[in-house]
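What follows is one structure encoded as structure tokens, with my remarks underneath.
Order of listing sets the numbers, starting from 1, for every ligand and every atom in it. Values below: all heavy atoms of this structure, side chains included; hydrogens, waters and symmetry mates excluded.
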Amino acid sequence: RCLSDWSSDVCSSDLDFNVKTGAPEKLRCACVVVGVSSPRRLSPAAERLDKASRGQLRELLKHGDIDTGCGKTTLIHNPKGRIEAARILVVGCGKDKKLSPQAFTEIASAAARAVHASAATDALSYLTELVVADRDLAWKAQRSVEASREAVYRFDELKSDANPPRHPLRKLAIAVADRDAVKSARQGVTRGIAVANGIDLARLLGNRPGNLCTPGDLADQARALKKAHPALKVQILEEKDMTKLGMGALLSVSRGSRQPAKLIIMQYKGSATDENPVVLVGKGVTFDSGGISIKPGAAMDEMKFDMCGAASVFGTVSTVAELSLPVNLVGIVPATENLPDGDASKPGDIVTSMSGQTIEILNTDAEGRLILCDALTYADKFEPDVVVDIATLTGACVVALGHHATGLLSNDQALAEELLAAGQISGDRAWQLPLWDEYDEQLSSNFADMANIGGRSAGTITAACFLARFCKTYRWAHLDIAGVAWKSGKHKGASGRPVALLVQFLMERARDAG
Ligand code: BES
Ligand code: MN
Ligand code: ZN
């Protein structure tokens with residue numbers, strides 16, 4: 001089967017956005033979207049629609065036909081009176097006067113899902129008039145776009161009968177109060193589209209199965225990205241290059257696989273100055289069987305998602321290039337499979353990393369840190385301002401933080417705080433764990449400079465301590481996305497996290513640089 005590459009059609013969405021001014025009862029559309037809070041507080045647009053419909057909204061509220069709980073939706077067909085819209089979607093906003101950013105996101109998502117599921121193919125949303133604590137109009141517009149793109153996302157390139165929704169949402173207009181507001185709403189829309197494109201790319205790569213997303217396929221995707229954004233420089237290192245560089249740790253993982261490992265380097269120079277770049281390093285294990293320390297069979301298919309760190313680097317680089325952000329950025333992706341084979345690494349094997357430090361592989365399933373450590377050593381050659389690695393690194397992170405927060409560890413508190421703040425603004429949140437020397441001691445080995453595992457306790461932290469040993473020359477942060485990169489169960493699939501966090505982080509830096 002031939003999969004399309006990113007540059008052709010995959011990430012160009014069928015959903016268009018625009019910004020409008022005007023009264024909700026006067027603009028023609030298939031569905032007008034307004035918020036109503038508990039117990040019966042109408043937003044300004046809802047108030048106008050109520051008047052124009054001779055009190056239909058209040059009537060429905062009075063009879064309990066509208067649920068005002070946060071994110072609950074009610075669709076009204078053929079509203080009464082003089083209303084140009086064919087439908088009104090009332091979205092419950094809960095009882096708070098000022099919404100939290102999370103509540104607004106839930107409201108925007110619920111609205112998009114409801115319109116997408118309805119027969120309306122275009123909508124006009126007044127949700128940006130809702131008051132959100134510490135967030136401006138551009139943010140609300142951006143978040144509305146991202147939520148809508150999330151609602152319409154599908155991965156069906158491998159279904160022979162794709163069975164698309166009969167009345168998909170194709171057009172979302174974002175209503176704003178006046179001409180002055182249009183500009184900032186448009187800015188939010190532009191950013192939202194670019195972020196959603198990056199997220200979609202990360203989801204696409206994550207969702208593809210291991211046989212169709214090999215290290216070689218990831219290298220091809222990097223070349224396709226370069227075709228879409230000529231400003232990018234792309235370089236692929238082969239195993240022979242890695243041997244020359246002394247990347248014994250990375251190569252020890254790919255030994256057990258017939259697919260050759262690739263080290264993918266994507267460079268974007270958007271800053272007018274020669275400022276030192278931000279380097280992103282993404283774990284690209286295209287399938288993690290555990291190797292000789294093989295994993296149990298249950299849900300092993302999900303280990304195709306073990307390249308979601310890499311996917312987030314692809315997505316972020318693509319969004320940054322699309323927005324032409326004035327930053328210098330390098331994306332590095334060590335890509336390999338982790339499989340058992342007669343030639344695979346064995347527990348007890350000792351390998352020499354590019355840094356010269358020796359590693360005793362006590363568990364071949366702790367392979368992520370082995371490929372990352374050589375990529376992190378390689379990162380030094382770009383004289384980075386900061387390095388951030390992104391990896392589905394430890395099951396322990398899922399135990400510690402579940403599926404909501406990315407685990408964050410850093411050797412620099414200012415950098416950690418920048419990333420935490422970017423998580424808050426983007427809604428793609430992280431939570432910091434300590435990187436203390438006491439934990440590092442768990443990595444001691446009887447036979448080599450260090451072991452690749454640190455025992456049963458604090459697995460996320462000892463994994464980060466391992467990486468920190470290769471990041472002594474620069475400011476560095478580690479994002480463990482094991483719990484957030486994909487969903488299991490009925491809605492199994494890649495999430496595209498933490499593209500939104502990383503783009504926000506880079507946007508903030510672009511702004512601070514002036
Ligand atoms: N890719 C896994 C981590 C993982 C596990 C992510 C489950 C998401 C869900 C990683 O390579 C791994 O196998 N880590 C081991 C480390 C252990 C052997 C120290 C783990 O977490 O069990
Ligand atoms: Mn593993
Ligand atoms: Zn892994």
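Between the NZ atom of Lys283 and the OD2 atom of Asp288, the angle centred on the Zn ion (ligand 3) amounts to 180° when rounded to 10°.
Ranking the protein heavy atoms by distance from atom 4 (C) of ligand 1 puts Gly395 N, 3.8 Å first. Of all protein heavy atoms, the one closest to atom 16 (C) of ligand 1 is Arg369 NH2, 4.0 Å. For atom 2 (C) of ligand 1, the nearest non-hydrogen atom of the protein is Asp288 OD2, 3.6 Å. With respect to atom 18 (C) of ligand 1, the closest heavy atom belonging to the protein is Asn363 ND2, 3.4 Å.
In summary, the aromatic rings of Phe104 and Trp139 are positioned with their centroids under 6.0 Å apart.
Within Glu367, the N/O/S atom positioned nearest the Zn ion (ligand 3) carries the name OE2. Asp306 contributes OD2 as its N, O or S atom closest to the Zn ion (ligand 3). For the Mn ion (ligand 2), the nearest N, O or S atom contributed by Asp288 is named OD2. Nearest to the Mn ion (ligand 2), among the N, O or S atoms that Glu367 has, is OE1.
Those atoms of ligand 1 that come under 4.0 Å of a heavy atom in Asp306, given as number and element, are 1 (N), 11 (O). Within the listing of ligand 1, atoms 1 (N), 10 (C), 11 (O) sit less than 4.0 angstrom from a heavy atom of Lys283. The atoms of ligand 1 that sit less than 4.0 Å from any heavy atom of Ala482 are 6 (C), 8 (C). Within ligand 1, the atoms closer than 4.0 Å to a non-hydrogen atom of Ile453 are 19 (C), numbered from 1 in the order shown.
For the pairing with Val388, the side-chain contact (heavy atoms from CB on, under 4.5 Å) check across Leu479, Val281, Val279, Leu408 returns one residue only, Leu479.
For the Zn ion (ligand 3), the set of nearby N, O or S atoms under 2.8 Å includes none belonging to Asp365.
In this model, no donor atom of one side chain and acceptor atom of the other lie less than 3.5 Å apart for Gln432 and Ser410.
If you look at Leu393 next to ligand 1, the close heavy atoms, those under 4.0 Å, all belong to the backbone. Proximity of Asp365 to ligand 1, defined as any heavy-atom pair under 4.0 Å, is shared by backbone and side chain alike.
Leu280 and Thr316 make their closest contact through CD1-CG2, 3.8 Å (heavy atoms, listed as atom of the first residue, atom of the second, distance). Closest approach of Ser345 to Arg255, counting heavy atoms only: OG-CD, 3.9 Å. In this structure, Arg208 and Gln221 approach most closely via the heavy-atom pair NH1-NE2, 3.3 Å.
In terms of modelled atom types and a separation under 3.5 Å, the side chain of Tyr153 and the main chain of Ala196 share no donor-acceptor contact.
Around CD of Glu383, the count of heavy atoms belonging to other residues, nucleotides or ligands within 6.0 Å does not exceed 12. Atom CG of Asp343 is surrounded by more than 12 heavy atoms from other residues, nucleotides or ligands within 6.0 Å.
Rounding to the nearest 0.5 Å places CH2 of Trp436 at 11.5 Å from CG of Leu409.
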Could you check Glu418 against Arg509 for salt bridge (charged side-chain N to carboxylate O under 4.0 Å, His left out), going step by step and ending with a plain yes or no?
-> CA-CA 9 Å; Glu418 270 182 64; Arg509 298 202 129 224; 3.1 Å; yes
Worked check of salt bridge (charged side-chain N to carboxylate O under 4.0 Å, His left out) between Arg223 and Asp220 | CA-CA 5 Å; Arg223 295 183 187 106; Asp220 288 344; 2.7 Å; yes
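When the heavy-atom distances from atom 8 (C) of ligand 1 to Phe305, Trp486, Phe466 are ranked, the shortest goes to Trp486. Among Glu302, Glu367, Met303, Arg456, the residue whose heavy atom sits closest to atom 7 (C) of ligand 1 is Met303.
For ligand 1, the polar-atom distance check against Lys295 finds a nitrogen or oxygen pair separated by under 3.5 Å.
Under the 4.0 Å distance rule, the nearest protein heavy atom to atom 22 (O) of ligand 1 falls outside the cut-off.
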